[in-house]
Amino acid sequence: MNMEIEHKKNNPAILGWLHAPMAALLGIGILAQSCASSPPADLRCENLRCEYLNDPLGLDAASPRLGWIITSSERGQKQSAYQFLATSSSQLLDKNKGDLWDSGKVSSDDTSQIVYAGKPLASRQNCFWKVRSWDHDGHPGDWSQAARWQMGLLDSADWSAHWITAEAAQPASSQPLLIQHASYESVEGRGARDVTALIAGQVKNDRINLIVNNRNLGGDPALNLVKRLHVEYTLAGQSFKKDIPENQALAIPEVPPVSRYLRKSFSLNSPVQRAVLYATALGLYEVHINGQRVGDHFLAPDWTDYRKRVRYQAYDVTALLARGDNAIGALLGNGWYSGHIGNGGFQYFGKVPAFLAQLEVTYADGRTERVITDATWKSHAGPIVSSDFMLGEDYDARLEVNNWDKPGLDESQWVPAATREESIPLESQVMEPVRQICELKPKSVTEVKPGCFVYDLAQNMVGVVRLNVSAPAGTVVTLRHAEMLNPDGTLYTRNLRAATSTDHYTCQGRGLETWQPRFTFHGFRYVELTGLPARPLDDAVTGIVISSDTPRTGQFACSDPRLNQLQSNIQWGQRGNYISIPTDCPQRDERLGWMGDAEVFVRTATCNADVAAFFSKWLVDVDDGQSAAGSFSDVSPNTDGNGGAPAWGDAGVICPWTLYQVYGDKRILERHLQAMTNWVEYLRRNSTGFIRQRNRGNDYGDWLSIGANTSKELIGTAYFAYSTHLVAQSCQALGRTDLAAHYDQLFQDIKAAFNQRYVAADGRIQGNTQCAYAMALKFDLLPEALKPKAAQYLEDDIQAKGGHLSTGFVGVSYLLPVLTEAGKPDTAYRLLLQDTFPSWLFSVKQGATTIWERWDGWTPDKGFQDPGMNSFNHYSLGSCGEYLFGGIGGIRPATPGFKTIRIDPVIRPGLTWAKTSYDSIHGPIATSWKHDASHLTLDVTIPANTTATICVPATGLDTITEGDKPVASVTAVKYLRQENDKYIFEAGSGAYHFASKLD
Ligand code: BGC
């Protein structure tokens with residue numbers, strides 16, 4: 001544990017998440033060694049990545065994509081060519097013998113998305129690689145440092161491991177269960193059968209768990225009709241009624257299965273040269289070898305639709321193995337597979353977790369050996385009494401088996417594990433896993449009632465608590481979690497709904513005991529600790545923050561501390577909600593991959609972190625959730641079967657397009673183009689005269705807008721147009737010009753229909769809402785002549801509302817860019833810096849440390865909003881974050897992947913300075929500006945091998961200097977033109993210091 005944290009401290013990605021601006025700029029890579037003979041060109045290839053990851057293990061892309069960045073101290077530096085070597089051993093790489101691939105000198109300035117084109121890559125192939133570049137004058141630079149990747153198991157025949165399970169016996173329930181009435185019936189009331197006796201007969205140890213289907217319930221009571229089980233029962237004296245849909249589980253009580261230890265002893269008869277462990281679970285796992293934890297993944301494997309695929313992880317475990325006796329062991333949790341997932345799903349994918357592992361050992365003499373999960377594994381009761389995302393974890397340390405994961409254990413009390421047939425396809429996990437990101441110490445503790453201590457971590461966070469206790473054996477410590485407090489200082493938990501979010505730890509009584517849950521997580525700022533006979537230790541509670549470990553890319557700071565807090569809240573929201581998939585919220589019984597939320601926030605997310613691999617994986621889940629008719633689901637992985645909702649379903653188009661814009665990733669477009677067009681065709685089929693009139697699914701509208709009501713049909717039609725336009729542009733980017741023309745025509749048709757139906761001759765849009773204008777302008781739905789008018793109505797509405805917004809999830813991210821684009825940056829500033837209700841800074845003023853789900857989550861007059869839906873960590877309304885980078889910081893891609901960059905900061909009187917940096921796929925870009933009424937300074941950093949247009953506000957060209965010289969005399973900066981009060985220059989890589997007069 002401590003070792004892991006030490007390790008994290010040295011990880012630049014983690015440093016990035018935690019430390020001050022510019023760390024990303026400083027933390028990038030190590031200088032290449034210089035070559036002894038002729039001086040190399042001033043450019044270096046750094047940060048070598050394969051499929052967006054550093055040195056990944058277990059890839060299953062047949063032709064992985066490679067990339068690097070160029071660094072140089074020279075202005076205007078460019079790569080004119082590159083050479084790429086891939087070898088099967090590090091020795092060959094040292095000798096520059098590319099046995100897998102020697103690209104030779106390739107004339108190209110590309111440094112990303114380079115498709116491996118060497119020898120075909122087999123399962124387990126080890127690839128070492130390096131690259132060198134030639135500069136703009138054709139001089140070669142040094143070779144980069146070596147990087148590597150290893151292929152995974154590409155064929156199902158590579159797997160000989162079997163799924164195993166501990167088949168845990170359910171603990172006896174202490175609550176008497178009595179079935180009073182049960183009927184298996186058609187939901188429409190046509191046909192029913194009394195199954196009371198059958199169900200009662202299935203109750204064992206006061207619990208029942210069975211899937212509702214014809215087979216289990218004695219045949220079909222209503223042929224060809226949708227059915228359910230209606231059951232009435234008493235549990236612990238209380239009466240309940242439930243309706244369980246067909247194919248879902250009837251589970252009473254709803255307690256997920258306990259976790260038992262699994263282990264296997266084995267011996268290795270020679271020195272080990274290399275060993276790779278491939279492992280995964282239906283559920284969650286933690287695997288140990290010889291007493292040590294393997295890897296640092298939390299909640300592995302990442303969530304997928306377990307009916308379609310499960311992702312395996314690969315670990316280099318060479319250092320953990322020894323010649324002679326060894327042991328491997330695992331603990332399993334329920335996670336998304338067999339615990340509670342959002343909106344009431346329990347055991348949605350399966351009932352009992354299962355584990356799969358294949359350890360492949362290569363001896364020094366070249367022989368290989370495999371240790372696989374099979375019936376020879378053993379199982380034993382363990383300390384995890386229960387684990388569940390919503391309910392929490394219950395751990396009884398008295399049940400620990402010492403040395404359960406070490407060789408030499410007496411296994412006489414262990415029973416054989418069971419094997420289980422599963423036909424689920426296995427795929428490699430090519431994304432950053434969930435990890436522990438950092439720790440938070442409480443800022444205060446209050447004893448709110450005798451023996452009841454409430455800790456304040458001063459930050460709404462996501463993760464678990466690490467507990468330090470010293471108490472007699474059998475003492476049960478209870479930890480509860482909450483985002484907010486009641487006025488009396490106790491936890492406010494009503495907004496968690498059914499997520500009890502409670503962990504229990506039963507002490508062993510051996511002095512200082514340290515524990516943290518493995519298979520649950522909570523969203524919280526406050527922790528309540530009860531159950532100790534004495535005052536807790538000073539360091540009883542530490543917050544362990546978890547997140548999908550996407551490397552930080554963006555930093556933003558400005559002269560208004562409230563805006564800095566807003567940016568911090570956005571980043572904490574992203575960190576806490578990007579847990580394996582982009583979720584809506586981390587605390588209540590929901591935590592689903594809501595598509596609308598993901599779509600509105602994705603561009604902001606790319607500013608804060610490198611989410612390329614994260615979204616590449618999730619977009620497969622999105623396609624998995626698409627219906628045969630082409631409708632994208634509301635949530636991905638799809639756990640409720642709902643779909644077709646405007647702005648939610650459109651995530652299946654908007655997210656791939658955004659990744660293409662930010663990372664220049666065409667493969668993502670290629671991979672998803674079919675699904676994207678299927679969605680557009682679904683929209684077309686469900687429209688009349690190009691108006692989206694039918695099958696809008698749950699039709700959420702401008703969700704949680706405030707004081708405005710935008711027509712849902714209008715939103716549906718606007719998004720139909722937008723998705724169609726993006727599909728047309730995607731086809732264009734992929735060279736599918738015919739298809740592009742086809743969808744472009746469809747876009748024009750929808751646009752015409754939109755105008756005809758919703759837009760008056762004077763440019764007024766039906767409903768006159770901010771959301772409608774923002775969408776129409778952003779999606780290019782209006783004729784040129786009406787755009788300024790629409791922008792004016794938008795501004796008028798904001799002014800009429802006293803400088804307040806009225807948009808919900810859908811319109812909110814477009815407001816500021818659209819206003820600025822329309823030449824109304826002062827109104828954009830006014831909205832952004834507004835701190836009275838409703839506004840972004842209102843929650844900041846109330847002390848928020850994350851973005852709230854609702855504008856009025858808590859107000860001084862009304863207190864808490866409806867607890868039925870009131871999360872305090874929901875990033876959607878924080879989608880204004882992209883404006884901090886692209887607007888105030890002025891850093892935007894001019895072409896996909898930031899190969900050309902537009903630097904155009906929005907500098908208005910509301911702020912006196914702003915510093916923004918963004919680590920693009922081509923390297924770090926930064927701006928820093930400062931102004932008073934009459935002078936401006938603007939510092940800009942442009943990465944090597946890119947060019948930028950830089951917009952400098954000034955009263956005249958002759959007032960502009962760069963590096964203290966009149967800009968006209970600086971050769972590295974080329975004057976292009978004037979646009980209103982800005983002068984536009986072109987520049988290559990380097991650091992530039994502009995100054996100008998504003999008055
Ligand atoms: C979720 C969302 C989601 C919405 C659908 C909510 O319960 O938390 O953020 O987008 O439902 O409208």
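Start at 1 and go down the list; that is how both ligands and their atoms are numbered. Here the structure is a predicted model, which is why all the values come from computation and not from measurement.
- Using a cutoff of 4.0 Å between basic side-chain nitrogens and carboxylate oxygens, D584 and R591 are not scored as salt-bridged.
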May I have a table of the N/O to N/O pairs between ligand 1 and the protein that fall below 3.5 Å, each row giving the two atom names and the distance to 0.1 Å?
residue  : atom   : partner : partner atom : Å
ligand 1 : 7 (O)  : R588    : NH2          : 3.4
ligand 1 : 7 (O)  : E590    : OE1          : 3.2
ligand 1 : 7 (O)  : E590    : OE2          : 2.6
ligand 1 : 8 (O)  : D584    : OD2          : 2.7
ligand 1 : 8 (O)  : R588    : NH2          : 2.7
ligand 1 : 8 (O)  : H874    : NE2          : 3.1
ligand 1 : 9 (O)  : D597    : OD1          : 3.4
ligand 1 : 9 (O)  : D597    : OD2          : 2.5
ligand 1 : 9 (O)  : H874    : NE2          : 2.8
ligand 1 : 10 (O) : D597    : OD1          : 2.5
ligand 1 : 10 (O) : W648    : NE1          : 3.0

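- The two residues W858 and F842 have their closest heavy-atom pair at O-CE2, 3.5 Å.
- Every residue two or more places apart in sequence or in another chain that forms a salt bridge (Lys or Arg N to Asp or Glu O under 4.0 Å) with K617 is listed here: D621.
- By the salt bridge (Lys or Arg N to Asp or Glu O under 4.0 Å) test, D699 is found to be paired with R696, residues two or more places apart in sequence or in another chain being considered.
- Residues satisfying the salt bridge (Lys or Arg N to Asp or Glu O under 4.0 Å) test with E882, not counting sequence neighbours, are none.
- Aromatic pair F837/W855: centroids not less than 6.0 angstrom apart.
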